[in-house]
Amino acid sequence: MGVQSKEIVENFYISLFKDEKGALDNYLHPNVNLSWYGTTGFKKLDFDKILELRDNLGKSFESLKAEVEKIVEEDNQIAIHFTYHVKTIENPDEEMPLAHFMAIWELKDNKLLKGVQISQLGEEIDVSPWT
């Protein structure tokens, strides 16, 4: 796995909002399965649901960017801690934290196959416990 696996996970979250043709195909295994525990409840997402989520984000926000705090790998598991910052359509000049995330992924064929993700609504705090 190595650096390449960590880069795959990180690049997925960084590029999720970008509407590049086939971008999700580059990162997601066709049989991807993401269990997401968030403030609105539990969601089970497959490839199509992740694509739908990405499309809905594009309609709701002017921009979205991931600020990666930490990414680690052990055996075939990659964990990532990051915050999404957004600019809203109503206020495109101000960037604010949308949510903080922790996710653990298992890859197959250099693509994200099975993930568990936990999120909490964003707030202006130092989210890095590592400093």
remark   = Between Leu113 and the options Asn76, Asn31, Asn33, the side-chain contact (heavy atoms from CB on, under 4.5 Å) test singles out Asn31
request  = State yes or no: do Phe47 and Leu45 share one hydrophobic cluster built from I, L, V, M, F, W and Y residues joined by side-chain heavy-atom distances below 4.5 Å, directly or via other members?
outcome  = yes
ask   = So, the side chain of Lys70 versus the backbone of Ala79: is there a donor-acceptor pair under 3.5 Å, distance only?
value = no
ask   = Between atom CG of Asn110 and atom NE2 of His29, what is the distance when rounded to the nearest 0.5 Å?
value = 10.5 Å
key: Beyond-backbone contact of Gln117 with Met102, side-chain heavy atoms, under 4.5 angstrom   = no
key: Hydrophobic cluster identity match, Leu53 and Leu112, side-chain contacts under 4.5 Å   = yes
inquiry  = With heavy-atom distances below 4.5 Å as the criterion, would you say the side chains of Val32 and Trp105 are in contact?
reply    = yes
ask   = Is any side-chain heavy atom of Tyr13 less than 4.5 Å from a side-chain heavy atom of Ile71?
value = no
message = With rounding to the nearest 0.5 angstrom, report the CG to CD distance, Leu107 to Gln77.
response = 9.5 Å
key: Any Asn91 side-chain heavy atom under 4.5 Å of Asp93 side chain   = yes
key: Check: Phe42 and Ser35 side chains under 4.5 Å, non-hydrogen atoms   = yes
Ile50 and Tyr27, any side-chain heavy atoms less than 4.5 Å apart = no
request  = Quick one: pull up OH in Tyr84 and NZ in Lys65 and give me the separation to the nearest 0.5 Å.
outcome  = 13.0 Å
key: Shared hydrophobic cluster for Ile8 and Val116 (ILVMFWY, side-chain gaps under 4.5 Å)   = no
Where Ser119 and Gly38 come nearest, the two heavy atoms and their spacing = OG-CA, 3.5 Å
query = Should Lys49 and Asp46 count as side-chain neighbours, where that means a heavy-atom distance under 4.5 Å?
reply = yes
ask   = If you round to the nearest 0.5 Å, how far is CD of Glu106 from NZ of Lys108?
value = 9.5 Å
query = When rounded to the nearest 0.5 angstrom, what is the spacing between OG in Ser5 and CD1 in Ile78?
reply = 4.5 Å
inquiry  = Are Met96 and Thr88 packed together at the side-chain level, in the sense that at least one heavy-atom pair is separated by less than 4.5 angstrom?
reply    = yes
task = Please name the pair of heavy atoms, one in His100 and one in Thr83, separated by the smallest distance, quoted to 0.1 Å.
result = ND1-OG1, 2.9 Å
note = Interatomic distance, CG@Leu34 vs CG@Leu28, rounded to 0.5 Å, equals 9.0 Å
